Amino acid sequence: MPVPSSPVPLGPGDRRRRRLIRRWLCAGLVAAAGGVTVATLAPPAPQLRPVPVAARDLPTGAVLTGTDVTTAQLQDRAVPDGVLAQVEGAVLASPVRRGEVLTDARTTTGPLLTGQPPGTVAAGVDVGDPALLQTLAPGVRVDVLARTQDPVTGAATGAERIAADVVVLRLPAAADPVLPGGDARAATSVLVAVDAAAAARLAAAAGRTVLTVRS
């Protein structure tokens, strides 16, 4: 019966090699475990959404064209409400900076009082002179004066300021017809943003108002 041979004793060099191999194996296992942990804990890639932004600084009253707009990719949570679905042909109600997301609040077709202070109302003011409309645009700030007159003779005596530094919200449409028997002032009336007290003064001064544009 054969006698089993005794294991060959390992020399110092063999023992060092074995220790190095064990260390490399341990290091590899730790690295693999770390990679699995990182992959598990890493958040998913953010979902991006294309949105229209201004390609350059744009002024109040600008009619948007394709050259005015470019596209940016934003995370869903960073996309504001009211992003314009139809950009071309929209009219800006306020200035827009390059790179700003274009929303309905920036256009004349958006909600009238978006961004205005609480308690703000929209009130109509008769401009009177159609030529003055050419100097106005949504977003322009104006003062509203009311002509005063002598209560006995009806002669003009001056004017008083009844609303100061108010924002023009909307102008009459260029194609608004003045229907027979209708209110001719509708064709020269603009909507302005005022508080309730100023709106009452404007109503009391109907037919006597004058607008002055602020610099």
Side-chain angles (χ1 to χ4, degrees), residues 54 57-64 68 80-84 89-97 100-215:
D57 289 353
L58 298 168
T60 298
V63 180
L64 296 180
D68 298 322
D81 294 334
V83 172
L84 291 182
V91 181
L92 293 181
S94 61
V96 171
R97 284 294 191 185
E100 185 174 341
V101 179
L102 297 169
T103 67
D104 57 0
R106 292 296 197 198
T107 70
T108 58
T109 57
L112 274 177
L113 298 175
T114 296
Q116 297 295 332
T120 300
V121 299
V125 179
D126 180 29
V127 174
D129 182 3
L132 182 58
L133 288 175
Q134 304 302 316
T135 67
L136 299 178
V140 170
R141 291 186 172 273
V142 298
D143 289 348
V144 184
L145 309 179
R147 292 186 296 271
T148 57
Q149 56 190 28
D150 186 282
V152 177
T153 64
T157 57
E160 61 177 339
R161 181 179 288 103
I162 56 175
D165 196 26
V166 297
V167 178
V168 174
L169 296 172
R170 187 167 294 174
L171 304 181
D176 274 353
V178 180
L179 300 177
D183 187 354
R185 288 178 299 178
T188 56
S189 292
V190 300
L191 289 179
V192 295
V194 293
D195 58 26
R201 295 194 297 271
L202 292 175
R208 299 185 291 114
T209 51
V210 178
L211 289 186
T212 60
V213 179
R214 296 179 70 92
S215 59

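The figures that follow rest on heavy atoms only: side chains count, while hydrogens, waters and symmetry mates do not. Everything numeric here is computed off the predicted structure, so don't read it as measured data.
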**Item:** Straight-line distance of Thr212 OG1 to Leu145 CG, nearest 0.5 Å
**Value:** 4.5 Å
**Fill in**
dist Leu136:CG -> Arg170:CZ (nearest 0.5 Å) comes out at 15.0 Å
**Asked** Looking only at heavy atoms, what is the nearest atom pair of Val167 and Gly139, with distance?
**Response** CG1-CA, 3.9 Å
**Prompt:** Quick one: CG on Leu64 to CG on Leu84, what's the gap to the nearest 0.5 Å?
**Reply:** 7.5 Å
**Item:** Leu132 backbone acceptor or donor facing Thr135 side chain under 3.5 Å
**Value:** yes
**Item:** Heavy-atom closest pair, residues Arg97 and Ala54
**Value:** O-CB, 3.5 Å
**Asked** Going from CZ on Arg208 to OG1 on Thr148, what distance comes out if it is rounded to the nearest 0.5 angstrom?
**Response** 8.0 Å
**Message:** Testing the basics here: between Val101 and Val83, what is the closest heavy-atom pair and its distance to 0.1 Å?
**Reply:** CG1-CG2, 4.1 Å
**Asked** About how many Å separate CG of Leu92 and CG of Leu102, when rounded to the nearest 0.5 Å?
**Response** 7.0 Å
**Request:** Could you check Val190 against Leu211 for side chain to side chain contact (heavy atoms under 4.5 Å, CB included), going step by step and ending with a plain yes or no?
**Result:** CA-CA 10 Å; Val190 300; Leu211 289 186; 3.8 Å; yes
**Prompt:** Only one of Val121, Thr120, Val140, Leu202 forms a side chain to side chain contact (heavy atoms under 4.5 Å, CB included) with Val192, so which one is it?
**Reply:** Leu202
**Prompt:** Which heavy atom of Ala122 sits nearest a heavy atom of Leu169, and at what distance?
**Reply:** CB-CD1, 3.8 Å
**Arg147 side, atom CZ; Thr157 side, atom OG1 - distance, nearest 0.5 Å** = 11.5 Å
**Prompt:** In terms of heavy-atom contacts, does CG of Asp165 have more than 12 from other residues, nucleotides or ligands at under 6.0 Å?
**Reply:** yes
**Request:** Go through Val194 and Arg201 one step at a time and tell me if the side chain to side chain contact (heavy atoms under 4.5 Å, CB included) criterion holds.
**Result:** CA-CA 10 Å; Val194 293; Arg201 295 194 297 271; over 6 Å; no
**Asked** What are the two closest non-hydrogen atoms of Asp143 and Ala164, and how far apart are they?
**Response** OD1-CA, 3.3 Å
